[in-house]
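Worksheet: the structure to be examined is printed underneath.
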Amino acid sequence: MNSQASAFEAANYLLGRAWEDARVQALVEGWEQLDWMDDEDLKKARTDHRLSLMNPAQGIYLFFTDPDSHEACYGAPSGKGGLILSRVSLLLHFHPRWTPYAGSLPLALHADDIAGDVLQRLGQPAELWRVGLNVSKARWSSAQAEVDVSFERGTGRLKLVTMTRPRVAQAPVIAVPSPEQLARQFGRPLAELQHDAHFAPFSLARKAREIAEYGEADCSEELGIELYFKPGAEMADTVPGAPRNAEPCLSGLRYRADLDFQSTGYAGPLPWGLRMSDTLDVAMAKAASRPFKEALSDVDGYQLWRTELCDVHVLYSFLEDRIYRVTLLAQGCYD
């Protein structure tokens, strides 16, 4: 990265600051979203370990998480509080409903920049997402911040700029079965999976009560994965091998991105070689087929594919231009 790019300081955008910080409060003062938020909403945000604030009139999106999750991803926060500013997105040529962000940009970017000019001026990015010859997103990293620059399809204009602090060293990834291996276990009873060495990382014996009450085993904090279960009788008609009784059987699983309700962020393989950092265009190129169903808004959306093995549901955050969750579901078990 050249000197112009490295001059950006994350502190300018309050990353790592607490919700209570006077500068954060000054930034969000007068935001319409806060008019219908009260103390109970903030209490729930702290319980959920996340708060999302958006201001379409200024083209700004803020994401807060709890201090422990922030420290695990980005190091110690800059201030004390229950919610820490962890991501900032500045929206430019984003959506007609949003007023383009009009303030200064990191990396000496300009609102009228296009992809080719940015790549030439800033040099080789740390990561690059492209579909064919079209650049969808690029990432530049410095000691101060990690900056993702997304480009508008077709025109190459700046769509949004997302910033975080640099990531701290991650703990070694715990090996779990691949998505295909897990999907091939759909319909297997919990009693069998508890004794299967491949499922040892999920500690299913300790989660039996959770599975019985809620139909899920939440391993998000440890692995970035949730497992779902249904009674075999509800699966037997569409899932070969599922028993026709009330015994809970594996029926689905969800991979979560980092900071999604205190998730560590799944970092292993995903269907079609997807990565959580992929944009919608990149995800569709990797899937190499149109989704069976989709619902897309300006801020988020999902696409659903039906494959021979299972259904694949991909949830996107367009405010961060990435995948948030990938869910595999046993065929015929979920609408």
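The figures here come from the full heavy-atom set of this structure, side chains too, leaving out hydrogens, waters and symmetry mates. For this chain, numbers begin at 1 and follow the sequence in order. Values in this document were obtained by computation on a predicted structure and should not be read as measured data.
The distance from the CG atom of Leu328 to the CG atom of Asp311 is 9.5 Å, given to the nearest 0.5 Å. Between Arg306 atom CZ and Leu329 atom CG the span is 9.5 Å, to the nearest 0.5 Å. Put simply, CE on Met54 and CZ on Phe63 are 11.0 Å apart, with the number rounded to the nearest 0.5 Å. Between Leu296 atom CG and Gln303 atom CD the span is 5.5 Å, to the nearest 0.5 Å. To the nearest 0.5 Å, atoms CG (Leu27) and CG (Asn55) are separated by 8.5 Å. The structure places CG of Asp117 at 14.0 Å from CZ of Arg157, a figure rounded to the nearest 0.5 Å.
The shortest distance between side-chain heavy atoms of Phe151 and Val118 falls below 4.5 Å. Taking 4.5 Å as the limit, every side-chain heavy atom of Pro291 sits out of range of all side-chain heavy atoms of Leu304. In this structure the side chain of Arg87 reaches within 4.5 angstrom of the side chain of Glu320, judged on heavy atoms. Between Leu270 and Ile323 there is no side-chain heavy-atom pair separated by less than 4.5 Å. Counting only heavy atoms from C-beta outward, the side chains of Leu223 and Tyr266 never approach each other to under 4.5 Å. Considering only heavy atoms from C-beta on, Pro243 comes within 4.5 Å of Cys249 through its side chain. Within the 4.5 Å cutoff, the side chain of Leu193 has heavy atoms near those of the Leu250 side chain. Side-chain contact between Pro56 and Thr99 is absent, with no heavy-atom pair separated by less than 4.5 Å.
The main-chain N or O of Arg325 is never found under 3.5 Å from a side-chain atom of Thr327 such that the two would form a donor-acceptor pair. The backbone N or O of Trp19 lies less than 3.5 Å from a partner atom in the side chain of Gln25, making a donor-acceptor pair. Under the 3.5 Å distance criterion, the side-chain polar atoms of Glu210 are matched with a main-chain donor or acceptor of Asp218. Tyr101 places a side-chain N or O within donor-acceptor distance of the main-chain N or O of Ser104, the cut-off being under 3.5 Å. No donor-acceptor pair closer than 3.5 Å links the side chain of Ser203 to the backbone N or O of Arg206. Checked by atom type and distance alone, the side chain of Ser251 pairs as donor or acceptor with a backbone atom of Tyr228 at under 3.5 Å. Between the side chain of Glu146 and the backbone N or O of Thr164, no donor-acceptor pair lies under 3.5 Å.
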Next on the checklist: Would Asp321 and Ser150 count as a side chain to side chain donor-acceptor pair (under 3.5 Å) here? Give the steps.
Outcome noted: CA-CA 7 Å; Asp321 204 19; Ser150 296; 2.6 Å; yes

Checklist entry - Where do Asp300 and Leu319 land on the side-chain contact (heavy atoms from CB on, under 4.5 Å) test, with the steps shown first? => result CA-CA 7 Å; Asp300 57 23; Leu319 292 170; over 6 Å; no

Item to check | Residue pair Lys43, Asp38: steps toward the side-chain contact (heavy atoms from CB on, under 4.5 Å) verdict | outcome: CA-CA 9 Å; Lys43 183 178 179 180; Asp38 56 22; over 6 Å; no

Item to check | Working for salt bridge (charged side-chain N to carboxylate O under 4.0 Å, His left out), residues Arg244 and Asp237 | outcome: CA-CA 9 Å; Arg244 291 187 178 275; Asp237 289 340; 2.9 Å; yes

Checklist entry - Could you walk me through whether Gln185 and Arg188 pass the side chain to side chain donor-acceptor pair (under 3.5 Å) check? => result CA-CA 6 Å; Gln185 305 307 308; Arg188 279 190 71 188; 2.8 Å; yes

Checklist entry - Could you walk me through whether Ser142 and Gln144 pass the side chain to side chain donor-acceptor pair (under 3.5 Å) check? => result CA-CA 5 Å; Ser142 73; Gln144 293 80 30; 3.2 Å; yes

Checklist entry - Does the pair Leu85 and Thr65 meet the rule for a side-chain contact (heavy atoms from CB on, under 4.5 Å), with working shown? => result CA-CA 7 Å; Leu85 182 58; Thr65 190; over 6 Å; no

Item to check | salt bridge (charged side-chain N to carboxylate O under 4.0 Å, His left out) between Glu40 and Arg46, worked out | outcome: CA-CA 10 Å; Glu40 284 300 313; Arg46 293 185 180 96; over 6 Å; no

Checklist entry - What's the verdict on salt bridge (charged side-chain N to carboxylate O under 4.0 Å, His left out) for Asp113 and Arg121, showing C-alpha distance, side-chain angles and the deciding distance? => result CA-CA 10 Å; Asp113 279 338; Arg121 191 167 71 242; 2.6 Å; yes

Checklist entry - After noting the C-alpha distance and the side-chain angles of Arg275 and Glu127, does the key distance pass the salt bridge (charged side-chain N to carboxylate O under 4.0 Å, His left out) rule? => result CA-CA 12 Å; Arg275 294 190 298 160; Glu127 292 189 61; 2.7 Å; yes

Item to check | Residue pair Ile84, Phe64: steps toward the side-chain contact (heavy atoms from CB on, under 4.5 Å) verdict | outcome: CA-CA 5 Å; Ile84 306 298; Phe64 298 78; 5.8 Å; no

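Shown here for Val239 and Ala330, the closest heavy-atom pair between the two residues is CG2-CB, 3.9 Å. Minimum interatomic distance between Glu222 and Ile174 (heavy atoms only, all atoms of both residues): O-CD1, 4.4 Å.
If you chain together hydrophobic residues whose side chains sit under 4.5 Å apart, Ile211 and Leu182 fall into the same group. Put simply, Val135 and Val131 are part of two different groups of oily side chains (I, L, V, M, F, W, Y) that touch within less than 4.5 Å, one to the next. Cluster membership check: Trp272 does not share its hydrophobic cluster with Val282, using side-chain heavy-atom separations under 4.5 Å among Ile, Leu, Val, Met, Phe, Trp and Tyr. Ile114 and Val161 fall into different hydrophobic clusters, where Ile, Leu, Val, Met, Phe, Trp and Tyr are joined by side-chain heavy atoms under 4.5 Å apart, directly or via other members.
By the 4.0 Å N-to-carboxylate-O rule, Asp258 lies close enough to Arg322 to be salt-bridged with it. A salt bridge links Arg256 with Glu226: the distance from a Lys NZ or Arg NE/NH1/NH2 to an Asp or Glu carboxylate oxygen falls below 4.0 Å. Using a 4.0 Å cut-off between a side-chain N of Lys or Arg and a carboxylate O of Asp or Glu, Lys44 and Asp48 qualify as a salt bridge.
When Asp278, Asn134, Thr279 are each tested for a side chain to side chain donor-acceptor pair (under 3.5 Å) with Trp129, only one passes: Asp278. Screening Asp68, Asp66, Leu83 for a side-chain contact (heavy atoms from CB on, under 4.5 Å) with His49, the sole residue that qualifies is Asp66.
By the 30° and 60° cut-offs, the orientation of the rings of Tyr316 relative to Phe318 is parallel. Tyr302 and His313 have parallel rings, their planes meeting at less than 30° on a 0 to 90° scale where 60° marks the start of perpendicular.
A centroid separation of 6.0 Å or more is found between the aromatic rings of Phe292 and Trp305.
With a 6.0 Å radius and a threshold of 12 heavy atoms from other residues, nucleotides or ligands, Arg153 has its CZ atom at or below the threshold. Dense packing is recorded around CD of Glu213, with more than 12 heavy atoms of other residues, nucleotides or ligands lying under 6.0 Å away.
In summary, the side chains of Thr162 and Ser89 do present a donor paired with an acceptor at a separation below 3.5 Å, with no hydrogens or angles considered. No hydrogens or angles considered: nothing links the side chains of Asp112 and His110 as a donor-acceptor pair under 3.5 Å. Judged purely by distance below 3.5 Å, without hydrogens or angles, the side chains of Tyr61 and Ser52 pair a donor atom with an acceptor atom.
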